Structure formats: structure tokens, C-alpha cells
There are 2 protein chains.
Amino acid sequence: MSDEVKKNRLRLREFLPYRLSVLSNTVSRGIANLYDREFGLTIWQWRVMAVTGDTPGISATDIGQRTAMDKVAVSRAVAGLIELGYLERKTSESDGRRSQLFLTPAGQDIYEMIVPIALEAERKLMAPLTSEEQAELSRLMQKLAGSASPERPLW
Amino acid sequence: MSDEVKKNRLRLREFLPYRLSVLSNTVSRGIANLYDREFGLTIWQWRVMAVTGDTPGISATDIGQRTAMDKVAVSRAVAGLIELGYLERKTSESDGRRSQLFLTPAGQDIYEMIVPIALEAERKLMAPLTSEEQAELSRLMQKLAGSASPERPLW
DNA sequence: CTCTATTAGTTTCATATGTAACTAATTGAC
DNA sequence: GTCAATTAGTTACATATGAAACTAATAGAG
């Protein structure tokens with residue numbers, strides 16, 4: 001048991017929610033700068049491009065589920081990407097409410113440029129961990145994610 | 001090496017920055033709800049209370065360093081807490097720009113109520129991990145934090 | 001069919017947040 | 001001492017974000 005709990009004292013620097021938040025913000029900020037500087041994209045726009053590139057024809061709602069974005073954020077990111085000429089929207093023939101989203105050729109180009117850069121950034125981030133440690137981190141995060149799922153709030 | 005890298009394909013669900021962001025947001029949201037529902041505090045206000053409770057007389061600037069908050073966020077959180085009657089500000093005698101912050105008796109009461117609740121939430125969050133896994137997670141996060149430090153951007 | 005409930009997506013509005021400009025106090029060079 | 005440069009903290013402004021209201025289309029009960 002950690003000192004923190006033993007002493008019944010809360011040290012922010014040892015408090016997991018705080019540590020997660022700081023680490024995530026640091027990483028996200030770095031990545032956001034990268035996408036913005038190199039391609040003029042926000043993180044949300046990039047997420048939308050990433051899943052659309054991986055799953056052409058996906059709808060905005062499904063993007064939201066795959067990216068943990070709410071529908072307003074998806075709507076705005078999609079609008080921005082269409083404006084930039086990277087995304088194209090068709091209306092589903094079977095359901096007039098649904099959109100089907102596709103990367104334009106320009107969007108494909110950007111997509112193919114970003115993927116290796118993003119993977120390289122991830123690689124550098126994880127470089128200090130051995131591959132066993134990387135696998136272990138992944139496993140532990142998955143456990144935590146199950147524990148913290150919003151459907152089953154612990155607090 | 002993971003499939004993701006091997007295939008040179010980016011699957012958002014396996015991409016560490018994305019996973020960190022989603023996990024952190026889920027946890028933060030749960031915690032924020034807890035603080036707000038039970039005590040009417042924002043996460044930032046609670047962070048300020050936490051370090052002030054731990055280090056009475058601390059200045060706003062030092063709070064910023066200890067909580068990874070920028071000075072504007074600290075200023076706003078402090079203003080809110082003073083408004084709520086949980087925090088008290090004195091001007092340093094040796095340096096008229098510096099403030100010295102203290103919990104009021106009401107603030108102390110809240111502080112003492114929150115600490116065990118927050119620790120319990122953390123305990124529940126980590127419950128699915130063995131204590132070895134918890135220690136390992138902590139160690140791996142620390143390594144990552146070093147790797148991602150903003151002073152030494154990798155991208 | 002037809003009418004109500006639901007769903008996909010957008011817009012509106014109120015609030016949160018970060019950057020930059022600002023004020024007040026202090027420090028340090030001279 | 002005096003004045004430029006720095007530091008602590010606040011304010012102002014522009015942008016980001018999320019909740020709720022809204023529009024358009026579909027589904028489902030009868």
C-alpha cells in the first residue's frame with residue numbers, strides 16, 4: 001500500500017487521476033501542435049480523418065462512437081474538413097438522415113502523410129519503455145479503462 | 001512490435017495518445033462530477049485546496065507549479081474559493097506582489113471531507129489491479145512523463 | 001396510411017479556457 | 001536614489017466546448 005493511502009493524506013503528485021490528467025494533457029498538447037503545425041488540423045479533425053480513412057463511408061454518429069467524440073464535436077470537425085476540401089459527404093440512399101463520409105483525394109494525401117508521422121511520434125513517446133513494458137502498460141490501461149467506464153461509475 | 005506499427009496503419013483504438021486522452025477524460029469527468037455534486041467545486045478549485053491544505057501559506061505561482069495549472073486558472077480558482085469562503089489571502093510582508101494562501105476553517109472542514117472520498121475513488125479505480133500492477137503502472141507512467149515532458153518535445 | 005416517437009445531424013447559447021495585455025510591486029544596474 | 005527589466009497576479013478578449021433546442025428524416029404502433 002502506498003504512503004499516500006497509509007497516511008490518509010492526499011498528495012496530488014501521487015494521485016492517479018491527477019497524474020493521468022497531466023500526462024494526457026502533455027501528450028495531447030504535443031500531438032495537437034504537430035497536427036496543427038504540419039497540416040493545420042485540430043486533434044478532432046485528425047480523429048475524424050483517421051477513422052474515415054480507415055472506414056470510408058462511415059456516418060457522423062459512428063465516428064462519434066469510434067472516437068469518443070460527442071456529436072457536436074464531430075459535426076464541427078466534419079464541417080471544417082469539408083471546408084478544407086479533405087472530406088466529402090454523401091447522403092445515404094437508404095436513410096436520408098445519415099451521411100456517408102469519404103476522404104477526398106486531397107484528404108487521402110494528407111492522411112497518408114500523417115499516419116507515419118503520428119506513428120513515429122508514438123514510437124518516440126514509448127521509446128524509453130521496453131516492448132514488454134509497452135505491452136504491460138497497454139494491458140494495465142485497458143484494465144483501468146474497464147474500471148472507469150462511464151456506464152459503471154464508481155463514484 | 002504491435003500490429004499497428006507492423007502494418008504501418010493507424011488504428012485509433014490502439015494509438016497511445018488517443019487511449020491516454022480517452023482514459024484521462026473518463027476518469028476526470030467522474031472525479032469532476034464527484035467534487036461538483038458533493039461540494040460544488042471544480043477540479044481546479046479542488047487542486048488549489050489540496051495543495052493549500054498540504055502547504056499553508058503557499059503562493060498562487062507556486063500552486064501553479066505544483067498543480068500543472070497556468071496562472072490564469074489558478075487566479076480564477078482562488079477567486080472562486082475566496083468567494084465561497086474556503087480560502088483566505090494575505091499579502092506577503094516581504095514581497096507585496098506575492099499572496100499567501102490559507103484554508104479558512106470552513107475550507108479545512110471541506111478539505112478533510114474530500115480527502116478520504118478522493119482516496120476512496122482512487123482506490124476503487126485501481127481496485128482491479130494488484131498492488132504489484134499498481135506499482136508497475138505508476139513506474140511506467142513516470143517513464144512516459146519523462147519522455148513527453150514539454151521541455152523536451154519529441155515532435 | 002397516419003400520427004407519435006425516435007434518430008441523425010446542426011445551430012444556438014452560455015460557460016470555460018488560453019493568450020496577451022495590463023497593473024502593481026520588486027530587483028538590479030548604474 | 002533612479003530607472004529599466006523582471007515577476008506576481010488580474011483582466012480582457014477571442015476561441016473552444018458542451019448542453020439543450022432545433023430541423024429533417026425514419027420507424028413503428030395502430
Side-chain angles (χ1 to χ4, degrees), chain A residues 21-22 24-26 28-33 35-37 40-48 51-52 55 57-83 87-102 150, chain B residues 21-22 24-26 28-33 35-37 40-48 51-52 55 57-83 87-102 150:
Chain A
S21 166
V22 171
S24 167
N25 288 342
T26 303
S28 286
R29 182 164 310 198
I31 291 263
N33 283 341
Y35 296 154
D36 180 34
R37 192 178 61 227
L41 297 177
T42 67
I43 282 204
W44 294 271
Q45 288 175 337
W46 165 244
R47 284 190 189 169
V48 167
V51 300
T52 307
T55 318
I58 193 171
S59 71
T61 300
D62 291 344
I63 289 178
Q65 294 182 326
R66 296 257 308 253
T67 59
M69 291 167 67
D70 71 62
K71 61 182 182 172
V72 178
V74 174
S75 176
R76 290 198 261 242
V78 166
L81 289 168
I82 289 173
E83 179 78 18
L87 213 65
E88 181 174 31
R89 171 168 32 207
K90 298 179 181 166
T91 298
S92 164
E93 291 183 11
S94 60
D95 184 342
R97 297 165 302 179
R98 253 169 185 302
S99 54
Q100 295 187 295
L101 297 164
F102 302 88
Chain B
S21 167
V22 171
S24 167
N25 287 343
T26 304
S28 286
R29 182 163 307 197
I31 291 261
N33 283 342
Y35 296 154
D36 180 34
R37 192 177 61 227
L41 297 177
T42 68
I43 283 204
W44 294 270
Q45 289 174 337
W46 165 243
R47 284 190 189 170
V48 167
V51 300
T52 307
T55 319
I58 193 173
S59 71
T61 299
D62 290 345
I63 288 177
Q65 294 182 327
R66 297 257 308 253
T67 59
M69 292 166 66
D70 71 60
K71 61 183 182 171
V72 178
V74 173
S75 176
R76 290 199 261 241
V78 166
L81 289 168
I82 289 173
E83 180 77 18
L87 212 66
E88 181 174 33
R89 172 166 36 206
K90 298 180 182 169
T91 297
S92 163
E93 292 183 9
S94 60
D95 183 342
R97 296 165 305 181
R98 242 170 157 43
S99 55
Q100 295 187 295
L101 297 165
F102 301 89

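Note on naming: letters A, B, ... go to the chains in the order of the sequence lines (proteins, then strands), and numbering restarts at 1 for each one. Not measured: the values here are computed from a predicted model.
Taking 4.0 angstrom as the limit, S75(B) places none of its side-chain polar atoms (N or O) nearer than this to OP1 or OP2 of dG9(D). Listed pair S99(A) / dG9(C) meets the phosphate criterion, a side-chain N or O lying under 4.0 Å from OP1 or OP2.
We find that CD of Q65(A) is positioned 8 Å from P of dA8(C), with the value rounded to whole Å. For K71(A) and dA8(C), the NZ to C1' distance is 7 Å, given to the nearest whole Å. Atom NZ of K90(A) and atom P of dG9(C) are 16 Å apart (whole Å). Distance L81(A) CG to dT10(C) P: 12 Å, rounded to the nearest Å. One interatomic measurement links the two molecules: CG of D36(A) to P of dT15(D), which rounds to 14 Å at whole-angstrom precision. Between the CZ atom of R98(A) and the P atom of dT26(D) there is a distance of 12 Å, rounded to whole Å. R76(A) has its CZ atom 8 Å from the P atom of dT17(D), to the nearest Å. Atom CG in D70(B) sits roughly 16 Å away from atom P in dA21(C) (whole-Å rounding).
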Carefully, step by step, assess M69(A) and V48(A) under the rule side-chain contact (heavy atoms from CB on, under 4.5 Å). CA-CA 9 Å; M69(A) 291 167 67; V48(A) 167; 4.1 Å; yes
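Of the candidates dG18(D), dT11(C), dA8(D), dA8(D) carries the atom nearest the T61(B) side chain, counting heavy atoms from C-beta on. Here dA19(D) is the nucleotide among dG9(C), dT17(C), dA19(D) with the atom lying nearest to any side-chain atom of V72(A). Out of dT6(C), dA8(D), dT19(C), the shortest distance to the side chain of R97(B) is found at dA8(D).
Annotation: of the two residues near DNA chain D, W44(A) and D95(B), the 5′-most nearest-nucleotide partner is D95(B).
Remark: side-chain polar atoms of T42(B) are paired, donor with acceptor, to backbone N or O of Q45(B) under 3.5 angstrom. Remark: the backbone N or O of A32(B) is not paired with any side-chain donor or acceptor of D36(B) at under 3.5 angstrom. In this structure a side-chain-to-backbone donor-acceptor pair under 3.5 Å is present from S28(A) to S24(A).
Among the heavy atoms of the strands, none lies under 4.0 Å from T42(B).
Screening D62(A), L101(A), I63(A) for a side-chain contact (heavy atoms from CB on, under 4.5 Å) with V51(A), the sole residue that qualifies is I63(A).
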